[in-house]
Protein chains: 2
Amino acid sequence: MSLPHAILTALLEKPSSGLELTRRFDMSIGYFWSATHQQIYRELGKLEQAGFIRALPQDVPARGQKREYEVLAGGRAELASWVGRAEDPKPLRDAFALRLRAAAMVGTGELLGEVERHLSLHRGQLATYREIEQRDFGHLGAERRGGREERLQHLVLRAGIEMERFWVGWLEEAAVELRELDA
Amino acid sequence: MSLPHAILTALLEKPSSGLELTRRFDMSIGYFWSATHQQIYRELGKLEQAGFIRALPQDVPARGQKREYEVLAGGRAELASWVGRAEDPKPLRDAFALRLRAAAMVGTGELLGEVERHLSLHRGQLATYREIEQRDFGHLGAERRGGREERLQHLVLRAGIEMERFWVGWLEEAAVELRELDA
DNA sequence: AGTGCCATGTAAGTAGTTACATGATTAC
DNA sequence: GTAATCATGTAACTACTTACATGGCACT
């Protein structure tokens, strides 16, 4: 049940329409919780119904017309309560590890090409994160002071960076193993 | 579409009944692709229908009776083709990063407790992986030789270890930040 | 009038989760 | 005989995905 909370967070950062949210999910929030526009519109409807958000008054509710939403007090309270709620980490699901395990049984086939393709995707993502870090947090000194908002957002970004670093490192190892096995 | 392939892999490692598969998903394969018994039974039905697996002949098809499945040639071929198939990595979805980002907007609340709880869960998982590594691959020397099967399975396990290491490191950092912010 | 993009949606299908049902076997 | 456990399943629901529909507005 994280999508509604992702949307509430995004709307608190900046009131937006469905399409604007979709675009921001493709960029920043979406790096940790992706969503399509269909999901977002549906969820916006539910959140409005629940009284957590409302369309800005000036917006006429017509089809094809932009509707901007803002978070209401109830929505903010719900989000604040969710932040500290006990919720276990979801068991990891990774298809690539699975493929290697399958390769252990049926042979590596064309797997090396896939490893290299994923490697370059992850390298690209890592580079993107680093650029964002430079742009948004590059002005901070080594001790990384800053306000609560800035520090927490940087911490989240560092999670993305470390995660991609993990992938790049592990996939490089996998490539070495596969080349040795093919030899 | 990874669950059927996870099941095919597990059945190639060892022909099993639905319940045995469920247990193995709770232990080894499931570390990378979890599944409940309901999902597994449903998928076994589909795989049998598709001609990828069959119930061992001696098994009578009665309710409450054990049915062991084995992989047929078609199933093995499907799995081998999947191994090298182009399939993009799924966008990361992590609720914890999201919670930090929400905390940036509405305050950290009881988040530190959750960070510590997750930290101890991830430390436990890391310890489990290390034990498995010691048990299954501890006999190998530093250059880690071994057969294809052994080397690939070890590579998969190392992914789990590195992943948990990432979490532990990042959550420790998060705990430090939160303690500073609370101070 | 036609093209392209902005914007919001509907519909259908797949995957995964949660709750419950029921038969068979073993231990006491 | 009854309780626990093994074993397989059904049903209902939620979340997510994919494909398509439709209206508004700007430009030419």
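To find a chain, count down the sequence lines: A is the first, B the second, and so on, and within it residues start at 1.
- Proximity note for B:Arg67 (side chain, C-beta onward) versus D:dT8, C:dG16, D:dC16: the nearest is D:dT8.
- Summarising the local packing, CD of A:Glu180 is surrounded by more than 12 heavy atoms from other residues, nucleotides or ligands at distances under 6.0 Å.
- A distance of 6.0 Å or more separates the ring centres of B:Phe96 and A:Phe32.
- Look at CZ on B:Arg23: it is 11 Å from P on D:dT5, rounded to the nearest Å.
- Taking atom CG on A:Leu92 and atom P on C:dG16, their separation rounds to 14 Å, with Å as the unit.
- As rounded to whole Å, 15 Å separates atom P of D:dT18 from atom CD1 of A:Ile40.
- To the nearest angstrom, C1' of D:dC13 lies 11 Å from NZ of A:Lys46.
- Of the side-chain N and O atoms in B:Ser17, one or more sit less than 4.0 angstrom from OP1 or OP2 of D:dT8.
- Between the side chain of B:Arg42 and the base of C:dT17 there is at least one donor-acceptor pair of N/O atoms closer than 3.5 Å.
- Spacing between atom CD of B:Glu43 and atom P of C:dG16 amounts to 8 Å, rounded to whole angstrom units.
- At a threshold of 4.5 Å between side-chain heavy atoms, the hydrophobic network of Ile, Leu, Val, Met, Phe, Trp and Tyr places A:Leu72 and A:Val83 in two separate groups.
- In this structure, B:Gln39 reaches the C:dT17 phosphate: one of its side-chain N or O atoms is under 4.0 Å from OP1 or OP2.
- Between B:Gln65 and C:dT25 there is a side-chain polar atom (N or O) within less than 4.0 angstrom of OP1 or OP2.
- Between A:Asp88 atom CG and C:dT17 atom C1' there is a gap of 15 Å when expressed in whole angstrom units.
- B:Arg24 contributes a side-chain N or O that, together with a main-chain N or O of B:Ala10, makes up a donor-acceptor pair within less than 3.5 Å.
- The interatomic distance linking A:His37 (NE2) with D:dC16 (P) rounds to 16 Å, in whole Å.
- Without hydrogens or angle criteria, B:Trp82 side chain to B:Ser2 main chain gives no donor-acceptor distance under 3.5 Å.
- Residues B:Gln38 and A:Gln38 each lie close to DNA chain D; by heavy-atom proximity, the contact nearer the 5' end of the strand is made by B:Gln38.
- As rounded to whole Å, 13 Å separates atom C1' of C:dT22 from atom OH of B:Tyr41.
- Checking D:dT8, D:dG9, C:dG16 against the side-chain heavy atoms of B:Leu3 singles out C:dG16 as nearest.
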